[in-house]
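Worksheet: the structure to be examined is printed underneath.
The model shown is predicted, which means the values in this text are computed figures rather than measured ones. Just so we're on the same page: letters track the sequence lines, and every chain starts at 1.
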Amino acid sequence: MGEPYNPNEIESRWKDFWRERGFFKADIQDTEHKFYYLNMFPYPSAKPHVGHGRNYILGDAITRYLLMRGYNVLNPMGWDAFGLPAENQAIHHGIHPRDWTVRNIAEFKRQFRDWGVVFDWDREIATCEPEYYKWTQWIFLKLYENGLAYRAEAEVNYCPICDTVLANEQAVGGRCERCNTPVEKKTLTQWFFKITAYAEELLRDLEALDWPEHVKTMQRNWIGRSEGANVAFRSEQGDEIVVFTTRPDTLWGATFMVLAPEHPLVEKLTAPDKRAEVEEYKKFAARQTEVERLSAEKEKTGVFIGAYAVNPVNGERIPIWIADYVLMTYGTGAIMAVPAHDARDFEFALKFGIPVVPVIAPPGGTAKSYVMKGTYREGLPGALREAGFEFADEDGSLYVTLREGDRARYIALVQSYLEPDSWSEVIGAGWQFVFSDSVMNVGSIAEERKVLERCQALEPDVREVHTVAELLWNVEFYRDLLFHDRYGTMINSGPLTGTPGDVAVERTIEWLEERGIGKFAVNYRLRDWLISRQRYWGAPIPIVYCDECGTVPVPEKDLPVLLPEVERIGLKGLSEIPEFVNTTCPQCGGPAKRETDTMDTFVDSSWYYLRYISPHDDRRPFDSDLVNKWLPVDLYVGGVEHAILHLLYSRFITKALRDLGYLDFGEPFARLFTQGMITYPAYWCPEHRWIPPQEVAEGRGCPHCGRELEVSVVAMSKSKLNVVSPDELIGKYGADTERLYTLFMGPPEKEIEWSEEGLRGAWRFLNRFWELLTAWIPRVKDGSGEFDPAALSEAAKRLWAKFNETVHRVTREFESKRFGFNVAIAAIMEFTNALEEYLGREEPDLGLLRRVIRDLILLISPFTPFISEELWLRLGEGGAVLEQGWPTYDEEALKLLAVEIPVQINGKVRARVRLPHDTAGDIEALREAVLAAEEVQRYLRGKELVKVIAVPGKLVSLVVK
RNA sequence: GCCGGGGUGGCGGAAUUGGCAGACGCGCUGGACUCAGGAUCCAGUGGGGCUUAGACCCCGUGUGGGUUCGAAUCCCACCCCCGGCACCA
């Protein structure tokens, strides 16, 4: 029997050991075997919970492994310490944000220590310290000097609760990323970083990054590159109106034009009698929140401004509208509308009675024709049938479906049967109206008008209808053919009619360029990064406004622009602190005012990975020589929630600093791993809000009012009260148990629910592990760990083989992309089970036993460092675990064993044959041995053997008849 | 709607990438220990079948088809789930 496992006693012995011994201190000058491992630094809010633990425990395990593999590992930690929660504490509770932050940082550090998670603390940084934000400001100045930071008036997202503007990236779905409040639009003068200058490169360089595919996809979508053409339309008055389109092949189908309500030409072009209406619409559009504007079910709105534009390809006069579905911030803020081939334009045209002209043949080549009862003479159905047309006859109304190739033949036939004052239509590649005396095509706005006129003249019911499209829309049968946005042969398109769909866009662009009407163009969805925040707790933007000199950057020597120390922080940030605002101009020395906005905290975090290399250098932000050797970061680990924000900004800053000559690489993070969140049930009572899970009893409702609770399993968060604190758990089971369970729960990239039962599984295992090893260590303590594998008993050979397999499986997970430590730990558990079984079966070979115990301790040590260090000490090998090399795997060990070869007969496993390793590994020997085996012969009696497939070392498959 | 990732026991998930499906753990069932246990230990645990209860047979990795001696894994079609984006012209 071994000793009882007492984790608290063991862990208290080792908590400071690794740090004190300096194992986690990187040698920054030695870049030969460097490995830069980085966890995203946290925002130190309140106390960490077991969900935080996942990130750092994973990183700690990887770091310990790398150290044992002999790498010079840099794994630093710091604090993303500026931000709104701290400031809100200050405003509401009068605590200085720095004090609040410092307190939380201490709490995090204590937790890391309890977890056994160690960092190179000499490199600790906090973005809120002047020594750090001085250099954040320095980066701002460099960008400003090089035209990458600018101030502009723009329509911005504003969050009324956070009382500040937000970057595009932080207004998720029209709501504030932090507090979920619907964002308002405001026109303000703000500071921007010109990230769009790098749009193409940010997109292109994704290709080579070893990042999860979904993160790359998200960035690609966010950058949103589209190719097309800019085409110059003109107003009737002669103003050029350039539109961007990805479908220049549909140009001949433009039947109207839409400008964004804020478009500068609106003012000029609006007809006097439309002015009032247009003004009102502009106000309506401005008033809406982003959420309202984006809401999917929203009907199209817009107004005609009383002006017309001329389509440069065919000279057609088309009305100009304004509508909020056209955004000033994308493309040119103006579009040509082709309702036949754009879903939004189609909806708009149908609603406002604007003509639709088809200009692209739908691929597939099917057309439809509806021949209403009473419009044709007797005999048409028979004639159609005879001519081989497919149709349905419902009460005398005919619904014909035909191939485009039969169109002419069909038209001739129908026409010969039409009553004089009637018509029918053929809808497919173009719309044709068949009258008894003529056939009319809807190939232009003019033709559309004529067709409609003629129909209205013939049929009083049609007089209510505004367009041919509306007329056709009323026939359910046609609906699926009236609009499509696929590529197809161009029709009704003047000189380009007949151009096939696969080259239509390209040919049209060539055609436009030859005539100087338009040219190839690329547009991006990405907008410039708005970095101004009207808050106190951030890095001040180092700019001064002087009446004489204008906008003046603070000289580098005057950095940092310090945050003023004030009694109490108010709602209006720096702008309400006169001592800060009023200053002198660095250029002329006259009175001037400081910029009062601080920078978005994502600016702070967009370069911190550079600072870790020389965190205390007070002469420069980073040491370029060393940074160029240590970066890119070899492995960056963090939550997927930063997939676009932080990761895109960091990439941009890196590229900008490279172009300014400070770096010689363009991507900060060579490899990225995103770990999933830990979830836990959260309970909601409509009256008492969030209820902590510990207070919720099975089957009973709210502990306060008994009302039924709404349960959702979501990421742990303090605000939902569904956090599990590590303290209690470590007191009960120890940190090793928490670590082991956290890594064993499931693949780390996936979200997973925390379970106390699961945790106890890890606890049980460590107890068994401890008891087993402490029981046997005294027997092998003074042994050598040497043995002759060939001389082992059969059971011992099996154990030795299993051991080597285990080393292989555990190592593989560290070396793989996925860090599947759930599998690695499972392998260790399996081996422990096998070891226990072996020890219960026979008197062990002590050399073998010492060897496997020794390596088993090392193998589990990245996951459970405390128990490992303690067992290592008792084994008496000397030194510390982290000074040992990682166990190696011996291929030969597996060859000692007999192999069990499954035998498939007609695809089913019918027998297993035990064979020596050599026999099983040789194709001919394997084949013969299996066919000779009694348990196989049994199945072959009276059957004909058709085929034998022998896979050496794997299996044998027989086909019999 | 578009893009990305997935569907394997009651649950989390394994399966060395085309070769014994369900490792390991949780849960569950039975038993032991116990005044008691939600602690611990032992055994069983995909579903079904059985005049031979076994070293047995059949079914089984979302659905339907295909390739192959052999498919969770490859191909085609479909269904469903998760994540992201979404009036971006």
Side-chain angles (χ1 to χ4, degrees), chain A residues 172-174 212-222 224-226 228-229 243-248 250 258 260 293-296 298 300-301 323-327 329-338 341-345 347-348 485 523-527 640-641 643-644 676 740-741 744-747 749-765 767-768 805 808-809 812 816 820 822-833 900-912 935 938 946-951 953-960:
Chain A
V172 182
E213 205 44 54
H214 68 280
V215 175
K216 293 206 233 180
T217 304
M218 281 163 73
Q219 292 214 350
R220 280 192 197 106
N221 290 345
W222 190 262
R225 182 182 199 273
S226 27
V243 302
F244 173 72
T245 176
T246 54
R247 293 298 304 269
T250 65
V258 187
R293 208 180 60 75
L294 294 176
S295 96
K298 207 195 112 185
K300 291 270 174 299
T301 58
D324 62 2
Y325 81 91
V326 172
L327 310 171
T329 46
Y330 184 79
T332 60
I335 63 161
M336 65 163 187
V338 184
H341 307 294
D342 180 284
R344 297 151 300 178
D345 299 345
E347 191 195 331
F348 196 85
D485 55 12
N523 252 291
Y524 300 92
R525 218 188 70 123
L526 184 71
R527 312 285 155 82
V640 72
E641 65 275 16
I644 33 193
L740 191 70
Y741 171 61
F744 183 65
M745 297 174 83
E749 78 274 12
K750 282 186 67 177
E751 178 177 295
I752 198 151
E753 186 177 346
W754 182 263
S755 139
E756 174 119 14
E757 283 71 41
L759 181 85
R760 263 204 306 280
W763 165 245
R764 275 195 291 270
F765 171 75
N767 273 279
R768 274 201 305 129
E805 185 197 272
H808 173 64
R809 286 169 70 185
R812 197 183 74 199
S816 78
N822 52 328
V823 186
I825 292 165
I828 291 173
M829 288 171 166
E830 266 181 69
F831 179 73
T832 307
N833 292 344
E900 197 178 66
I901 295 290
V903 182
Q904 287 186 352
I905 293 161
N906 289 342
K908 293 210 159 64
V909 178
R910 295 295 179 179
R912 289 152 220 275
E935 56 269 55
R938 203 155 58 110
V946 181
K947 199 169 177 184
V948 181
I949 297 115
V951 184
K954 288 276 162 71
L955 57 42
V956 174
S957 184
L958 307 177
V959 187
V960 301

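Contact detail for A/Asp345 and A/Met336: the closest heavy-atom pair is OD2-O, 3.9 Å. Taking each heavy atom of A/Val258 and A/Ala337 in turn, the nearest pair found is CG2-CB, 4.4 Å.
Heavy-atom nearest nucleotides on RNA chain B were determined for A/Asp342 and for A/Gly746, and the one closer to the 5' end corresponds to A/Gly746. For the pair A/His214 and A/His808, both in contact range of RNA chain B, the more 5′-proximal nearest nucleotide belongs to A/His214.
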Name the pairs: protein N/O against N/O of nucleotides 69-75 of chain B, kept only if under 3.5 Å.
residue: B/C69; atom: OP1; partner: A/Lys947; partner atom: NZ; Å: 3.1
residue: B/C69; atom: O2; partner: A/Ser957; partner atom: OG; Å: 2.5

Pairs under 3.5 angstrom, nitrogen or oxygen only, protein versus nucleotides 24-26 of chain B, please.
residue: B/C26; atom: OP1; partner: A/Arg764; partner atom: NE; Å: 3.2
residue: B/C26; atom: OP1; partner: A/Arg764; partner atom: NH2; Å: 2.5

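Listed pair A/Arg225 / B/A89 fails the phosphate criterion, with no side-chain N or O lying under 4.0 Å from OP1 or OP2. Contact between the side-chain N/O atoms of A/Arg809 and the OP1/OP2 oxygens of B/A23 is not found at any separation under 4.0 Å. Proximity of A/Lys750 to the phosphate of B/G13: a side-chain N or O atom is located under 4.0 Å from OP1 or OP2. Neither OP1 nor OP2 of B/C87 sits under 4.0 Å from any side-chain N or O of A/Arg525.
Only the P atoms considered, B/C82 is 14 Å distant from B/U8, to the nearest whole Å. B/C59 sits 40 Å from B/G1 when the C1' atoms are compared, rounded to a whole Å. For the P atoms, the distance linking B/G10 with B/U29 amounts to 16 Å, nearest Å. If you take atom P in B/C28 and the same atom in B/C80, they sit 35 Å apart, rounded to whole Å. Here the separation of B/A89 from B/U68, taken at their P atoms, is 45 Å to the nearest Å. The C1' atoms of B/C33 and B/G37 are separated by 11 Å, rounded to the nearest whole Å. Taking the P atoms as reference points, B/G60 lies 11 Å from B/G65, given to the whole Å. Comparing the P positions of B/G7 and B/U73 gives a spacing of 11 Å, expressed to the nearest Å.
Distance CG (A/Leu526) to P (B/A86): 13 Å, rounded to an integer number of Å. Across the protein-nucleic acid pair, A/Tyr524 atom OH and B/C85 atom C1' stand 19 Å apart, rounded to whole Å. When rounded to the nearest whole Å, the span between CD of A/Gln219 and P of B/C85 equals 12 Å. The nearest whole Å value for the distance from the CH2 atom in A/Trp763 to the P atom in B/G38 is 18 Å. Rounded to an integer number of Å, the gap from A/Met745 CE to B/G12 C1' is 8 Å. One atom, CG of A/Leu955, and another, C1' of B/G18, lie 10 Å apart when rounded to the nearest Å. In this entry the distance linking CZ of A/Arg812 with C1' of B/A15 reads 9 Å, nearest Å. Here B/C82 presents its P atom at 16 Å from CD of A/Glu753, a figure rounded to the nearest Å.
Taking 90° from 0 as the syn/anti boundary, the base of B/G37 is oriented anti. Look at B/U17: its glycosidic torsion is within 90° of 0, and that puts it in the syn range.
Taking 4.5 Å as the limit, every side-chain heavy atom of A/Arg247 sits out of range of all side-chain heavy atoms of A/Asp342. A/Asn906 is listed as a side-chain neighbour of A/Val959, based on a closest heavy-atom distance under 4.5 Å. Here the side chains of A/Arg910 and A/Leu958 are not in contact, with every heavy-atom distance at 4.5 Å or above.
Note: A/Glu751 CD to A/Met745 CE = 10.5 Å, rounded to the nearest 0.5 Å. Between A/Gln219 atom CD and A/Leu526 atom CG the span is 10.0 Å, to the nearest 0.5 Å. Atom CD1 of A/Ile828 and atom CZ of A/Phe744 lie 10.5 Å apart (nearest 0.5 Å).
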Checklist line | Strand RNA chain B in bracket notation, Watson-Crick/G-U under 3.5 Å with | for pairs to another chain | finding: (((((((..(((......[....)))((((((.......))))))(((((...).))))..(((((..]....))))))))))))....
Check: Does the pair A/Thr832 and A/Arg768 meet the rule for a side-chain hydrogen bond (donor to acceptor under 3.5 Å, both in side chains), with working shown?
Finding: CA-CA 9 Å; A/Thr832 307; A/Arg768 274 201 305 129; over 6 Å; no
Next item on the list: Take A/Trp763 and A/Tyr741 through the test ring pair (Phe, Tyr, Trp, His ring centres under 6.0 Å) and record every step on the way to the result.
Entry: CA-CA 8 Å; A/Trp763 165 245; A/Tyr741 171 61; over 10 Å; no
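Across all strands, A/Ser226 comes closer than 4.0 Å only to sugar-phosphate atoms, never to a base (heavy-atom distances). Among the atoms of the strands shown, none is found under 4.0 Å from any heavy atom of A/Pro212.
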